[in-house]
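Notes follow once the structure below has been shown.
Source: prediction; values computed, not measured. In what follows, chains are A, B, ... by sequence order, proteins preceding strands, each numbered from 1. Quick note: numbers below take in every heavy atom, side chains included, and nothing from hydrogens, waters or symmetry partners.
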Amino acid sequence: MAKYDDVKKWYLDAAAAYDRDDAAPNGALKRLRETGARRFAELDFPTTKHEDWKYTSVKPATERRFAWRAPGERSDLPDAAKEAFFEEDQYRIVFVDGAYVPDASTPALEKDGAYVARLKTAIVERPEAVERALFDFEEEENVFAALGAAFASDGAFVHLPKNAALERPVHVVHYVEAEDEPFLAPTLLVVAEENSSATIVESYVGADGKPYLVGANARFAAAAGARVTHVKIQKEGDAAIHLWAGRAKTAKDATFETFLASFGGKLARNDAVVRAEEPGGFARVNGVVALDGERHVDNRVLLDHAAPRCESSQLFRAALNGNSRNVFNGKVLVRPDSQKIDAFQQNDSLLLSDTARSDSKPQLEIFADDVKCSHGATTGQLDKEALFYLRSRGVGAAQAKRVLVDAFTANAVADLKLASVRERIEKLAARSASR
Amino acid sequence: MLTIKNLHAEIDGKPILKGIDLQVNAGETHAVMGPNGSGKSTLAHVLSGREGYTPTEGEVIFEGKNLLEMEPEERAREGVFLAFQYPIEIPGVSNTNLLKEGLNEIRKHRGEPELSAGDFLKLVREKAKLVEMKKELLNRSVNEGFSGGEKKRNEIFQLAVLDPKLALLDETDSGLDIDALRVVAKGVNAVRNEKNAFLLVTHYQRLLNYIVPDFVHVLADGTIVKSGGKELALELEERGYEWISEKAESA
Amino acid sequence: MANDEKAELERLANEEYKYGFVTDVESETLPKGLNEDVVRWISAKKGEPAWMTEKRLAAFRRWTKMPEPHWANVEIAPIDYQELSYYSGPKKDRPKSLDEVDPELLETFEKLGVPMQERAALAGVAVDAVFDSVSVATTYREELAERGIIFSSISEAIREHPDLVKKYIGTVVPPSDNFYAAMNSAVFSDGTFVYVPKGVRCPMELSTYFRINAANTGQFERTLIIADEGAYVSYLEGCTAPIRDENQLHAAVVELIAHKDAEIKYSTVQNWYAGDKEGKGGVYNFVTKRGLCEGENSKISWTQVETGSAITWKYPSCILRGDNSVGEFYSVALTRNRQQADTGTKMVHLGKNTKSNVVSKGISAGYSQNSYRGLVKVGKNAEGARNFSQCDSLLIGDKCGAHTFPYLEIDNPSAQVEHEATTSKIGEDRIFYLKQRGLDEENAVSMIVNGYCKEVFRELPMEFAVEAQKLLSVSLEGSVG
C-alpha cells in the first residue's frame, strides 16, 4: 500500500487546497467533500485480492497523477460534443473538459414544478433539496466513489415534486479533449418524489489518445410510486479512465431502471447499487458492452432487496473483439425477512476474437425462503445454425454475423422505451465491436 | 357419506361460497354445474383442504367426522380424492413411487397391512390398463412432460389405485378431446360402485353423457340454485345458464 | 466410562445422528501441539523413509508461514492449532490379517454398516477402514493384487511402494496450495492408496471408511488414487464421528491422477457429526480434493452427498489437462440447525475439447448457511472447451441462507460455458399435492427433496444411492414445519 500513499496524498492535498480556496456558497457540497475526503483517506486502493476487483486492476487509475480541474465555464463547443446530443433532449447540461458550457445548455428549468439545473446553480437556488439528496445514503465503500465525492462541486441536479412527469429526457453531456490529463468528478443527483417520473441520460464522450480520469457519482432517490429511468452512454477514448458509482434507492412501489452502455476506455467501471428499502420496488440494471482493441470494462452490480415483495432484473450482454476484456460482477442480495422477492440475473458474453476475454461472477446471496431467484451466465460464440439459416436465405456471412451480434447486444436495451436513445446505443454497439 | 351444511368459504377475504347444502350418499354420483366463477371449483378445493380456500361458516361431515378440521392428507386417508383441473408437474418424483407412498399411508390409516412390492405392481398394472395409461408414464416423474390428456388420465389412474370413498373430479373434462374423454369416463365408471361416491365439477354437460350422474346441482354465485336428476343437465345444455339465473332472480 | 454414558445420553437426546457413539479402545495419542518433533514422531511411527520425513518437514515449515484463510462464507470460532493432538491410533499394531483385527474395531465398523468381512454376499466392495489416524484393516487385498491393483493404506504404500508414492504424492495438491493442504502434508495420518495398472478395470468398488473416535484430535486423511492408461476405478468414502461437545478437525487432502483413457469415479457420503441444534460441537471438515486428468480422453467424476460436519469447506476439482478429458461434479449438500457449508468445484480447462459438467443441489434448513462456490476456467489454449453448470438451492424455513458464487473465467473464444442457478423455497403446491395423496408433511418434503437430488444420486453406486437417500430423509426430520 505504501506505494499508493503518495497518490492518495496527491489527491487529498488537492481536495484540501480546493476546499480552502473555493469561495462559492456550497455548504452541502462542502460537507459531501469532507465526508468523501475522509472516506478516501480511510479506504485503500483495492488489489485483485479484493472480491469486487478480482478481475480489474486499478493500476491505470493510480499510475498517473491526474490534475483536478475546478469547475468553470467556457463558451466554445467542439463539434464532437454535439454528436452526443439528442434532438428530443428537453433539458441539456453540457460540460467540456469539466467546464460548463452555458451556450450549449438549457437554462435552469422549472416546468410543472420540476426543477432541473447545473449542480453549481442548484446549490444556490435549492440548497435544501440538494442537501436532502446528498446525505441519505450509506457510507461509501468504493474508494473511487469517495475520491469523486471529495471533489464534488458540479454536475446536474434533478428534482421532481409529487406527480411531476418529464416527458422528454434530461441529458447531461460530458465531453473531454484536454491534453493535460485532467481529473473530473461530476455529480448527478436525482430526487423523485411520490409518483413522479423522468428519464435522465448521461453521455460521456472523449477523444482517443487522451488520458484523463473520471470519478463520477450519481445518486437517485425514488419515493413511493416514482419511476426513474437512467441511461448512461459511455463512449470515451482509448486512454480514458472512467469510474462511475451509482447509488439508488426505491421506496414503496417505486421503479428505478438504469441502462449502462459501455464502449470502454483504457478502463471503464460501473458500480451500481440499488437498494429496495420498501415493499413493491422494481429495479432493473441492464448493460450493453461492446469492445475492441485493448479496452476493459467492469460492471459491478448489487441489487439489495431490503424489503419484501420486490422485483429485480439484470441483463448484461457483451460482444468482445480484439484484446478487449469484460468483467461482470453482479449480486442479488435478499436480506432476512425480505420475502416474496423475484430476482433475475443474466450475463451473456460473445467472444468474437481469439484474444478477447470474459470473466463473469453472477452471485446470489439469499437469506429469505419465499423467493424466486435465478441467474445464468453464458460465454460462447454465435449460434452456427442461426448463421447458416441467414446465409441460406442469401445474407452474406459477414452481414449475417453482424445481424446476429447486433441482435444479441440489442436485447439488453429492448426494454428502454426512448427509441432514439435505444437506437443510439444499438448503433454504437454495432460500431464498437467492429468486426 | 358427505353432508354439507350451509357452507361458506372465501378466498383472500372474498366470499365465494355463500351457503351450500348438499347430501351425498354412498353409491351416488353428483354433478355440480355452473357458470365460470360460480364457485364450483372452490367447493372441490375447500373439501380437499387447499390452503387459501377458507371456510367461514357451516360444516362438512364426512363419514361422521368433521372434514374441515382435517389436514389435507388426513382427508385423503379418510378417503377423499381430488382429481385436479391443472395437475402440477413434480420433477424427480416418479408416479409409482408417489402412489406407493400414498397407498400405503392410506392403508395404514385404514388398519390394513402394506402391500407387498409384487401386489402393488400388480395393482398398478391392472389400474393402468383400466385408463389405458402408457406403461412408460408410470415410472416417469409425476406429470412431467405429460400432454394435457395424459395428465388427466394420470389423475384418474391415481384415483383408481388409491380407491377413495369420495372422489372429487374438478373439471376433468376440460382440455380433453372426445376420445380421451371416453377413456377417462370409462376409467371412472369402472371404479364406481355402491360403496363410493363421486362429485363431478363441470361446466359442460358433455362429460355427463359418459358419466351419468344421479343428481345434478346448479351452482350460481356461491349457492345451489337448482337440483334435479340427470335431465337437468340436458335442460341446461339447451337453455344455457341464464335460464337458471333468471329463474333464481324471479324467485 | 463416564464419557460413554454422557455420549449415550446425548445420543438419546439427539436421535437423528445415530453414529454418535464412542468406541472404547486403548489408544496411543500424542500430546497436544504441533512442532517439528511431532512431525518427525509421526513419520517415525509410520516407519517412513527419510525422503517422506523431509517432505513432511518442508510442508510444516511452509505451513508456519501461511495465514489461515478466511475468504469462505462461513463464520468460524478461532482454532488453536496447538490445542489439538495430531496423532491417535489403536495401541495394538496393525494385524496381518482380518482375523486378527481387534473385534471391538470390527464391531464398530459393522455397526456403522461397513462390511468388514469378505463375505460372498458383500463381494463387490473392498474396504479400507481408517480409525482416527490409522488404517485398521483392508479387505480383498489379495484378490485385487492378482490383477496388479494396489489397494492399501497410504502408510503401507509409502513403505511398500515408495517409488509410486514418491512419483505422485503432492503433484496435484502441493503443500503450498493452501493452509490446510500444507498442514495435512506435514502431519497426514492415514488414508488410502490406490493404483490401478494399465488397461485394468477394477472389478469391485473400492471404499474407505473414515471414523474419528478420539477427542481433541485432528484427522488428516491423505488419499492418492492413480489410474494408469486405460484403467478404471470407482472409489467410495464414508465418514462418521462420535458426538462430542468440542469441534473436531478433519483436514484432508485427496489427489487423483487419471492417465490416458483412464477413468476415476470418486464418491463421498459425508456424515461427520454436525454439532447439536445450538451448533455446539461437530466436525470442521476442511478438505482439498483435486483430480488431474493427465492424459487424453481421461475422465474424473466427483459425486458427493454432504449432510454432516459443523463446517464444510471443500471444492473437489478437476484439472483437465489431457485433450478430450472430462470432469464431472455432482453434489448434494444439506445443511440444517447451525451448519455451514461452503462447497463447490473448480473445473480448469487446459486441454483441447475438454468438457465439464456440474450439478449442485443445495438444501438449507434451520439456521444454516449453504453456499455454492465454483470456478470454471478456460485457459488460452483450451480450444473447444465446454462446460455446463446447474446449481440449485432449496430453502426450508425463513432463518437459513442459500448462496451461489460462481466464477467464470473464459480466455478462449471457442469455449461454450453455461451456468444456471435457481433459488427458491420448496413448492407449497407440490407439498399440497402429495398431502392430498395421503402423505404427511415430513414425508412429502423428504420425497420432494429426494426427487430434487435425484440427478446426483443417480451418479452414486447403487448401495450408496439408497444409503444417501435414507440419510437425506433422516437429516430432514425435524427440519420441517
Side-chain angles (χ1 to χ4, degrees), chain B residues 44-45 47-53 70-110 139-144 151 154-155 157-159 161-164 166-168 170, chain C residues 303 305 330-332 334 359-363 390-394 396 420-460 462 465-466 468-470 472-473 476-477 480-481:
Chain B
H45 282 113
L47 292 179
S48 62
R50 179 151 211 168
E51 221 185 288
Y53 293 76
M70 296 181 201
E71 291 298 315
E73 67 269 36
E74 285 178 69
R75 301 181 199 211
R77 291 171 194 172
E78 286 289 333
V80 178
F81 179 94
L82 172 66
F84 289 79
Q85 183 179 4
Y86 302 109
I88 193 168
E89 303 191 357
I90 308 181
V93 175
S94 89
N95 242 333
T96 12
N97 208 358
L98 157 65
L99 280 173
K100 199 162 151 188
E101 288 281 346
L103 183 61
N104 279 331
E105 288 289 357
I106 290 167
R107 290 179 66 95
K108 202 155 78 191
H109 188 75
R110 292 183 191 149
N139 291 318
R140 282 246 298 268
S141 292
V142 177
N143 294 324
E144 203 187 15
K151 283 182 184 170
N154 195 18
E155 292 296 292
F157 162 64
Q158 296 190 8
L159 160 69
V161 172
L162 298 181
D163 189 26
L166 174 68
L168 312 166
D170 187 10
Chain C
T303 306
V305 176
Y330 301 96
S331 170
V332 167
L334 180 142
V359 178
S360 163
K361 303 279 182 177
I363 303 138
Q390 173 76 44
C391 306
D392 296 326
S393 304
L394 202 61
I396 303 174
E420 278 177 18
T422 60
T423 302
S424 59
K425 78 166 172 177
I426 193 158
E428 264 158 18
D429 41 2
R430 286 179 183 158
I431 293 176
F432 176 72
Y433 189 99
L434 294 178
K435 275 184 171 177
Q436 212 298 312
R437 296 303 187 251
L439 274 64
D440 59 29
E441 173 120 5
E442 216 156 73
N443 202 352
V445 168
S446 152
M447 209 163 174
I448 290 167
V449 170
N450 268 304
Y452 164 81
C453 299
K454 194 161 258 175
E455 257 178 289
V456 174
F457 290 157
R458 210 167 45 206
E459 298 298 322
L460 288 168
M462 180 87 104
V466 175
Q469 216 156 325
K470 271 194 219 148
L472 208 61
S473 303
L476 279 168
E477 272 170 30
V480 175

* To do: Please tell me if the side chains of B/Glu105 and C/Asn443 come closer than 4.5 Å, counting only heavy atoms from C-beta onward.
  => yes
* Asked: For chain B, which of C/Gly451, C/Gly438, C/Gly427 has the most heavy-atom pairs under 4.5 Å?
  -> C/Gly438
* Asked: Just how far is it from atom CZ of C/Arg437 to atom CG of B/Leu159, taken to the nearest 0.5 Å?
  -> 8.5 Å
* **Top contributor to chain C contacts, counting heavy-atom pairs under 4.5 Å, from B/Glu89, B/Glu71, B/Glu51** => B/Glu89
* Contacting region of B/Leu162 [heavy-atom separation from chain C under 4.5 Å] -> side chain
* Before giving the answer on side chain to side chain contact (heavy atoms under 4.5 Å, CB included), spell out for C/Tyr433 and B/Asn143 the whole-Å C-alpha distance, their side-chain angles and the decisive distance to 0.1 Å. => CA-CA 12 Å; C/Tyr433 189 99; B/Asn143 294 324; 3.8 Å; yes
* To do: Output yes when B/Glu101 and C/Lys435 qualify as a salt bridge under the 4.0 Å nitrogen-oxygen rule, no when they do not.
  => no
* Asked: Of the backbone (N, CA, C, O) and the side chain (C-beta and beyond), which part of B/Glu78 lies under 4.5 Å from a heavy atom of chain C, both, or neither?
  -> neither
* Can you find a pair of side-chain heavy atoms, one from C/Phe432 and one from B/Ile88, that are under 4.5 Å apart? -> no
* Kindly indicate whether the side chain of B/Glu73, heavy atoms from C-beta on, has any atom under 4.5 Å from the side chain of C/Ile431. => no
* To do: Answer with side chain, backbone, both or neither: which region of B/Ile106 has an atom nearer than 4.5 Å to a non-hydrogen atom of chain C?
  => side chain
* Asked: Rounded to the nearest 0.5 Å, what separation is found between the CG atom of C/Asp429 and the CZ atom of B/Phe84?
  -> 9.0 Å
* Asked: Are there more than 12 heavy atoms of other residues, nucleotides or ligands under 6.0 Å from atom NZ of C/Lys425?
  -> yes
* With no hydrogens and no angle check, is any side-chain donor or acceptor of B/Glu74 less than 3.5 Å from a backbone partner on C/Asp440? -> no
